[in-house]
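One is the number of the first residue; the rest follow in order along the sequence. Values reported hereafter were calculated over all heavy atoms of this structure, with side chains retained and with hydrogens, waters and symmetry mates removed.
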Amino acid sequence: MKKKLAIAAALLLIAAVGAYFCLPVRLVPEEDAGGLRVTYIESLHAAVQVDYLTEQYSLEPGTPEYDETLELLQISRCRRTLGTLFGRDSADGAQSTMTITSGSGWMVMLTDAGEVLVNGRAYRCQAKPLIYAILDLARE
């Protein structure tokens, strides 16, 4: 009886850990963001020094760019990592980053290295296509 109970507990633990790491999580809540501020930073490596290309955009509610950007963020999903579990709040190894802050208080930082920070917590996501799609929308 104890052996069956131990096996059942172990299987439940494995299922819970698997669900925690495998089930996708929304990048942003399904709510009106109240305006978006987009900041894109790309590092440009030269032989001697590192320069940065910085672009900033404000997307106001009611514009097509705002609506499409918010929809892209709302349908995008990410996955938890050990860094999420332990509260890691930084992303490493990125050549370019995009930070999106909303008027309602949430913040998302997308990196081309596949890491995403959502309100300061690290997740994994294929963010590179999302960065370029949002950048194209913001530049319009």
Side-chain angles (χ1 to χ4, degrees):
M1 180 69 172
K2 288 183 182 180
K3 187 176 181 180
K4 287 182 183 179
L5 189 59
I7 291 172
L11 290 174
L12 280 173
L13 180 64
I14 290 170
V17 169
Y20 180 80
F21 287 108
C22 294
L23 292 178
V25 178
R26 289 182 185 273
L27 277 180
V28 297
E30 292 277 341
E31 65 182 34
D32 183 28
L36 298 175
R37 179 136 178 96
V38 178
T39 304
Y40 175 73
I41 300 173
E42 183 176 347
S43 63
L44 307 169
H45 293 284
V48 178
Q49 70 182 46
V50 178
D51 290 323
Y52 295 97
L53 168 71
T54 303
E55 299 176 38
Q56 293 183 343
Y57 304 96
S58 291
L59 304 176
E60 298 302 322
T63 62
E65 295 83 11
Y66 169 86
D67 294 337
E68 290 180 42
T69 300
L70 190 57
E71 183 180 350
L72 280 173
L73 290 170
Q74 288 174 342
I75 64 172
S76 297
R77 303 288 187 266
C78 56
R79 301 207 185 276
R80 294 176 183 98
T81 66
L82 283 175
T84 311
L85 181 64
F86 295 116
R88 193 169 126 237
D89 60 356
S90 64
D92 300 323
Q95 201 60 17
S96 61
T97 62
M98 177 179 282
T99 305
I100 303 168
T101 55
S102 77
S104 63
W106 51 259
M107 185 274 303
V108 174
M109 186 171 98
L110 307 166
T111 70
D112 65 350
E115 290 189 310
V116 177
L117 295 178
V118 178
N119 293 326
R121 303 230 21 208
Y123 294 86
R124 293 291 297 166
C125 178
Q126 292 297 327
K128 197 170 191 175
L130 188 57
I131 290 172
Y132 294 118
I134 293 172
L135 197 55
D136 287 342
L137 286 168
R139 286 176 175 165
E140 290 182 1

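Here Ile41 contributes atom CD1 and Thr111 contributes atom OG1; the two are 12.5 Å apart, rounded to the nearest 0.5 Å. Rounding to the nearest 0.5 angstrom, the gap separating the NZ atom in Lys4 from the CD1 atom in Ile7 is 9.0 Å. To the nearest 0.5 angstrom, Ile131 atom CD1 is 9.5 Å from Met109 atom CE.
The shortest side-chain heavy-atom distance between Tyr123 and Arg80 falls under the 4.5 Å cut-off. Contact of the Leu73 side chain with the Trp106 side chain is registered, since non-hydrogen atoms from C-beta on lie closer than 4.5 Å. You'll find the side chain of Leu130 reaches within 4.5 Å of the side chain of Leu27, heavy atoms only. Side chains of Leu110 and Thr97 form no contact here, defined as non-hydrogen atoms less than 4.5 Å apart. The closest side-chain heavy-atom distance from Thr99 to Met107 is below 4.5 Å. Thr39 is not listed as a side-chain neighbour of Tyr57, based on a closest heavy-atom distance of 4.5 Å or more. You'll find the side chain of Leu72 reaches within 4.5 Å of the side chain of Ile134, heavy atoms only.
The backbone N or O of Ser96 lies less than 3.5 Å from a partner atom in the side chain of Asp112, making a donor-acceptor pair. Under the 3.5 Å distance criterion, the side-chain polar atoms of Ser43 are matched with a main-chain donor or acceptor of Gln95.
Looking at every heavy atom in both residues, Glu65 comes nearest to Leu137 through CG-O, 3.1 Å. In this structure, Leu36 and Ser102 approach most closely via the heavy-atom pair CD2-CB, 3.9 Å. A pairwise comparison of heavy atoms in Pro61 and Tyr66 identifies CA-CD2, 3.5 Å as the closest pair. Taking all atoms of both residues into account, the shortest heavy-atom contact from Val116 to Cys125 is CG2-CB, 3.3 Å.
Atom CD of Gln126 sits in a sparse spot, with 12 or fewer heavy atoms from other residues, nucleotides or ligands closer than 6.0 Å.
Side-chain polar atoms of Gln74 and Arg26 form no donor-acceptor pair below 3.5 angstrom. Counting only N and O atoms by type, the side chains of Arg37 and Thr101 include no donor and acceptor under 3.5 Å apart.
One hydrophobic cluster, built from ILVMFWY side chains closer than 4.5 Å, holds both Val108 and Tyr132.
Of the charged side-chain nitrogens involved, at least one lies within less than 4.0 Å of a carboxylate oxygen, so that Arg139 and Glu55 count as a salt-bridged pair.
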